[in-house]
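To start, the structure under review is shown below, and the notes come after it.
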Amino acid sequence: QVQLVESGGGSVQPGDSLRLSCAASGFTLGYAVIAWFRQAPGKEREGFVCIDMSDGRTDYLNSVKGRFTVSKDNAKNVVYLQMSNLKPDDTAVYYCAAYESPFRQPVISPTQPYDYFGQGTQVTVSS
């Protein structure tokens with residue numbers, strides 16, 4: 001059973017930086033893609049970045065390019081989301097998500113379906 005546990009959320013001021021972590025376990029098919037989603041109050045949950053856990057390929061939505069960076073530490077099975085120059089509009093519950101594949105170089109997109117989600121971590125950006 002795939003398990004995902006997010007951490008690192010909190011309350012920050014506009015312009016601050018924050019790093020979220022996603023600890024992943026339970027993968028069995030050989031290849032996996034992990035994405036970050038967020039759900040702002042009153043809005044749908046939206047995927048905005050993902051990373052291939054094998055070769056490090058990434059894909060970002062334009063809305064976060066240049067401010068958010070995803071990375072991984074395979075030794076720890078952790079994916080990080082470094083967020084900089086945070087804005088009030090970034091306030092949301094942030095989730096990591098994953099899907100597995102038995103095939104090398106699985107499709108990588110933050111908007112494709114994901115099978116597993118963590119419990120989420122709150123990020124609040126406010127002055």
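Among residues at least two apart or in separate chains, side-chain hydrogen bond (donor to acceptor under 3.5 Å, both in side chains) pairs with a member in residues 28-38 are R38-D90, R38-Y94. The side-chain hydrogen bond (donor to acceptor under 3.5 Å, both in side chains) analysis of residues 39-49, with sequence neighbours excluded, yields no pairs. Listed by first and then second residue, the side-chain hydrogen bond (donor to acceptor under 3.5 Å, both in side chains) pairs that reach into residues 73-87 are K72-N74, sequence neighbours excluded.
The closest side-chain heavy-atom distance from V2 to F27 is below 4.5 Å. The shortest side-chain heavy-atom distance between D52 and P106 falls under the 4.5 Å cut-off. Residues F48 and L81 form a side-chain contact, since some pair of their non-hydrogen atoms from C-beta on lies under 4.5 Å apart.
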Tell me, with the steps shown, if F37 and F117 meet side chain to side chain contact (heavy atoms under 4.5 Å, CB included). CA-CA 9 Å; F37 282 67; F117 284 82; 3.9 Å; yes
Can you list the steps and then say if F103 with Q105 is a side chain to side chain contact (heavy atoms under 4.5 Å, CB included)? CA-CA 6 Å; F103 305 110; Q105 292 202 325; over 6 Å; no
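Once rounded to the nearest 0.5 Å, the distance linking OH of Y116 with SG of C96 reads 13.5 Å. Between the NZ atom of K65 and the OH atom of Y60 there is a distance of 9.5 Å, given to the nearest 0.5 Å.
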Atom pairs and distances, donor-acceptor, side-chain atoms in residues 14-26, under 3.5 Å, two or more places apart:
{"unit_1": "D16", "atom_1": "OD2", "unit_2": "Q13", "atom_2": "N", "d": "3.0"}

For residues 120-127, run the donor-acceptor check on the side chains, cut-off 3.5 Å, and write out each pair with its distance to 0.1 Å, sequence neighbours left out.
{"unit_1": "T121", "atom_1": "OG1", "unit_2": "G9", "atom_2": "N", "d": "3.2"}
{"unit_1": "Q122", "atom_1": "NE2", "unit_2": "A92", "atom_2": "O", "d": "3.4"}
{"unit_1": "Q122", "atom_1": "NE2", "unit_2": "T124", "atom_2": "OG1", "d": "3.3"}

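Neither L4 nor Y99 shares a network with the other; the hydrophobic side chains, linked directly or stepwise wherever heavy atoms of I, L, V, M, F, W or Y lie under 4.5 Å apart, form separate groups for each. Taken together through direct or relayed side-chain contacts under 4.5 Å among Ile, Leu, Val, Met, Phe, Trp and Tyr, M53 and V33 form parts of separate hydrophobic clusters.
Remark: T111 engages L61, S109 in a side-chain contact (heavy atoms from CB on, under 4.5 Å) (not counting sequence neighbours).
What you find for I34 and A98 is that their closest heavy atoms are CG1-CB, 4.0 Å. Between Y114 and C50, the closest heavy-atom pair is OH-CB, 3.4 Å. Annotation for G118 and Y95: closest pair O-CD2, 3.5 Å, computed over non-hydrogen atoms. Considering all non-hydrogen atoms of both residues, Q112 and I108 come closest at OE1-N, 4.2 Å.
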